Amino acid sequence: MNFDVIVIGGGPGGYVAAIRAAQLGLTTACVDGFLRGNKYSLGGTCLNVGCIPSKALLQSSENYAELTHSFIEHGISCDNPKIDIKQMQKRKDDIISKNASGISFLFKKNKITELHGWASFVTRDGNQWSIEVDDNGQKQKLLATHIIIATGSIPRELSQIAVDNKNVLDNAGALALTDTPKELCIIGAGVIGLEMGSVWKRLGSNVTILEVMDKFLPSADEQISKELHKNLIKQGLIIKNGVKIGDIIDKDGITVHYDEAGQQHELKCDKLMVAIGRVPNTNGLNASAVGLKIDERGFVIVDSECKTNLENVWAIGDCVRGPMLAHKASDEGVIVAERISGQHPHFDFNTIPWVIYTNPEVAWVGQTEKQLQDAGISFKKGVANFMSNGRALGLGNSVGFVKILADETTDRILGVHMVGPFVSELISEAVVAMEFKASSEDLARIIHAHPSLSEVTHEAALACDNRQLHG
Ligand code: FAD
Ligand code: NAI
């Protein structure tokens, strides 16, 4: 078979690239090797063991936490509330199946050839790339003018103990538990650790998170990290920063030895989750056969346009530099497909939004206060709280604030940082504003619906000019 484009990987980077390429009239195939159980399942990490299942479990566990803790405030109560973890998992699995078949449907609709198995480079054949797809020993050769590598990432492993997804879990294992562990230890207080820790804490586990860095969530704005930390501790999560993990023994339960401020400790748990970052999944590509350049950490080396060192070979998503986020992967997919068809789209790393789906949620776009200070940029800031917002009070969720950072001289918005209810949704307004190079005054002069959470963003914009109305 011969195509204009073969996409290797069917995650949010790869499948979106395939759809856009097909929309632009290119004959396209997408090869994916992800196995869910013993069946191939499109959607990559994001759909099968990442974004979507984690958000499904976050919602189920949040509903349970509300039923057991906060509905009483609304005058709603029931005797003996229970959670059926197996049903919760079935719901999550149904969402994955529905979305995975949705991608297959989109492939058919766009006349994309869907192939299953592991793809690797064979050689350059005239003006074309030759790729082999291995589906459980059944091998076929494909030719294409362009290759888009979208092979994603896999969990980084801890040297002390191997993941078996029985007692020692990675994201896939922690998303598939069918009973609530009594004691759950998580190594790594990053995004996965905090989200999965929140899920199992709400469902009744005692959760301890051990983190090597001294600072909690250093990538977020400091004021935001502090607010999140305070609230997670209030919910009963135990988070220990600045610890060094020692031996880990898996015998009669798991024992984690660690050093905290020079003192040796041991922690016993039923389940251990390892969430210490992810590494690019580029080993299976047979890169050396064609001289594809990969850096020492396994990332495919690309330029600002996602071009590799090889002619007509592109790479996107988690397997290249930049944040490991699904929307970043998808956007790169669109952009590469458009570049292949001769267009010149733009991509701005500075306006990629970040969201952490804890309670309260955290979201940001652009620069933090520290980044602006380090760069010597003078800025003003406006902060407004959810506490005085009528919609937030009605929701029963009024923790947190919105902070806008704007250039001291030009008033252009440089960063927006949010912690509070549904900020995963509110951040889009800030992204649009920054993409359109808006000033804080632009946001302040836009009418926001009442009562809505977005009024807090409006108030933060007003606060940049010391004219907040409700603060
Ligand atoms: P992937 O989604 O990893 O897809 C790559 C695909 O390629 C996989 O199916 C893989 O099996 C396949 N593949 C690899 N090599 C080959 C080969 N040689 N041949 C054939 N197929 C191959 N991001 C967010 O933006 N928001 C979130 O809320 C979020 N939550 C997350 C929660 C968890 C628990 C995890 C683990 C991640 C989360 N992420 C989230 C990150 C997000 O999942 C990734 O950034 C995203 O999936 C990257 O997309 P991708 O297409 O680059 O790679
Ligand atoms: P991460 O990079 O967010 O966090 C890993 C944490 O583990 C870091 O704080 C790190 O200091 C710590 N760590 C590393 N080695 C350690 C050790 N030996 N002992 C103790 N702590 C150690 O990575 P994480 O949480 O695994 O997630 C991977 C990626 O997936 C994220 O970077 C993010 O891009 C993506 N993701 C995004 C989500 C979202 O957008 N809501 C949700 C979940 C994941």
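Note that ligands are numbered from 1 as they come in the structure, with each ligand's atoms numbered from 1 the same way. Quick note: residue numbers are just sequence positions, from 1. Please read these numbers as outputs of a predicted model, since none were measured by experiment.
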Task: Flag: protein heavy atom within less than 4.0 Å of atom 32 (O) of ligand 2 - done: no

TODO: Only heavy atoms count here, so choose which of Arg156, Met273, Glu361, Met213 is nearest to atom 15 (N) of ligand 2.
DONE: Arg156

Open item on the list: Just to be sure I read this right, does ligand 1 sit under 4.0 Å from the backbone of Ile192, its side chain, both, or neither, counting only heavy atoms?
Closed with: side chain

Task: For atom 44 (C) of ligand 1, closest protein heavy-atom neighbour - done: Asp318 OD2, 3.2 Å

Open item on the list: Could you identify the single nearest non-hydrogen protein atom to atom 41 (C) of ligand 1 and state the distance to 0.1 Å?
Closed with: Met324 O, 3.6 Å

Open item on the list: Can you tell me which portion of Thr151 lies within the under-4.0 Å heavy-atom range of ligand 1? Options are side chain, backbone, both, or neither.
Closed with: both

- [ ] For atom 5 (C) of ligand 2, state which one of Ser153, Ala275, Pro218 supplies the nearest heavy atom.
- [x] Ala275

TODO: Work out whether the distance between some heavy atom of Val49 and some atom of ligand 1 is less than 4.0 Å.
DONE: yes

Open item on the list: Can you confirm whether or not the ring centre of Phe349 sits under 6.0 Å from the ring centre of Phe347?
Closed with: yes

Open item on the list: Less than 4.0 Å is my threshold; does some heavy atom of Lys55 fall inside it relative to ligand 1?
Closed with: yes

Task: Any side-chain heavy-atom pair of Leu184 and Asp270 under 4.5 Å - done: no

TODO: Just need the protein heavy atom nearest to atom 20 (C) of ligand 1, so name the residue and atom and give the distance.
DONE: Gly117 O, 3.4 Å

TODO: Please write down residue, atom name and distance for the protein heavy atom closest to atom 26 (N) of ligand 1.
DONE: Cys51 SG, 3.8 Å

Run the side-chain donor-acceptor check on residues 292-302: report pairs under 3.5 Å with partners two or more places apart or on a different chain.
{"residue": "Asp295", "atom": "OD1", "partner": "Arg297", "partner atom": "N", "Å": "2.8"}
{"residue": "Asp295", "atom": "OD1", "partner": "Gly298", "partner atom": "N", "Å": "3.0"}
{"residue": "Asp295", "atom": "OD1", "partner": "Phe299", "partner atom": "N", "Å": "3.0"}

- [ ] Mark the output for Met196 as yes if a heavy-atom distance to ligand 1 is under 4.0 Å, and as no if none is.
- [x] no

- [ ] Would you mind telling me if ligand 2 is within reach of the side chain of Leu217, the backbone, both or neither, using heavy atoms under 4.0 Å?
- [x] neither

Open item on the list: With a heavy-atom distance limit of 4.0 Å, tell me whether Ile245 approaches ligand 2 through its side chain, its backbone, both, or neither.
Closed with: side chain

Open item on the list: Suppose the criterion is salt bridge (Lys or Arg N to Asp or Glu O under 4.0 Å): which pairs have a residue in residues 110-139, not counting sequence neighbours?
Closed with: Arg124-Glu311

Task: Nearest neighbour in protein (non-hydrogen) for atom 10 (C) of ligand 1 - done: Asp32 OD1, 4.0 Å

Task: Close N or O approach (Leu325, ligand 2; < 3.5 Å) - done: no

Open item on the list: Check this for me - ligand 1, Ala326, N or O atoms closer than 3.5 angstrom, yes or no?
Closed with: yes

Open item on the list: At less than 4.0 angstrom from any non-hydrogen atom of Glu195, what atoms of ligand 2 do you find?
Closed with: 41 (N), 42 (C)

TODO: Could you tell me whether some N/O pair between His327 and ligand 1 is separated by less than 3.5 angstrom?
DONE: yes

- [ ] Answer yes if the side chains of Gln89 and Thr178 hold a donor-acceptor pair under 3.5 Å, and no otherwise.
- [x] no

Open item on the list: At less than 4.0 angstrom from any non-hydrogen atom of Ile187, what atoms of ligand 2 do you find?
Closed with: 19 (N), 20 (C)

- [ ] Please work out which of the three classes, parallel, tilted or perpendicular, describes the rings of Trp364 and Trp354, given edges at 30° and 60°.
- [x] parallel

TODO: Report the part of Val243 (side chain from C-beta onward, or backbone N, CA, C, O) that has a heavy atom under 4.0 Å from ligand 2; answer both or neither where that applies.
DONE: neither

Open item on the list: Heavy atoms only: which of His327, Lys328, Lys215, Glu211 lies closest to atom 6 (C) of ligand 2?
Closed with: Glu211

Open item on the list: To check your reading of the model: name the closest protein heavy atom to atom 7 (O) of ligand 2, its residue, and the distance in Å.
Closed with: Gly188 CA, 3.3 Å

TODO: Enumerate the atoms of ligand 2 whose separation from the nearest heavy atom of Val355 is less than 4.0 angstrom.
DONE: 39 (C), 40 (O), 41 (N)

- [ ] For the residue pair Gln235 and Asn359, confirm or rule out a side-chain donor-acceptor distance under 3.5 Å.
- [x] no

- [ ] Determine, stepwise, if the pair Thr151 / Asn281 fulfils side chain to side chain donor-acceptor pair (under 3.5 Å).
- [x] CA-CA 6 Å; Thr151 52; Asn281 188 8; 5.8 Å; no

Task: Minimum-distance protein heavy atom relative to atom 21 (N) of ligand 1 - done: Gly33 N, 3.1 Å

Open item on the list: Does the residue Pro12 have a heavy-atom contact with ligand 1, meaning some pair of atoms that are separated by less than 4.0 Å?
Closed with: yes

Task: Enumerated ligand 1 atoms positioned under 4.0 Å from heavy atoms of Cys46 - done: 2 (O), 43 (O), 47 (O)

Open item on the list: Heavy-atom pairs closer than 4.0 Å: do any link ligand 1 to the side chain of Cys319, the backbone, both, or neither?
Closed with: neither

Task: Between Gln264 and Asp259, a side-chain donor and acceptor under 3.5 Å - done: yes

Task: Closest candidate by heavy atom, reference atom 36 (N) of ligand 2, pool Val191, Asn241, Val274, Thr358 - done: Val191

TODO: Please work out whether any backbone atom (N, CA, C, O) or any side-chain heavy atom from C-beta onward of Ala329 is under 4.0 Å from ligand 1, and answer side chain, backbone, both or neither.
DONE: side chain

Task: Leu175 side chain near Ser54 side chain, heavy-atom distance below 4.5 Å - done: yes

Open item on the list: With a 4.0 Å cut-off on heavy atoms, is Tyr15 in contact with ligand 1?
Closed with: no

TODO: Please check if any side-chain donor atom of Asn286 sits under 3.5 Å from a side-chain acceptor atom of Ser120, or the reverse.
DONE: no

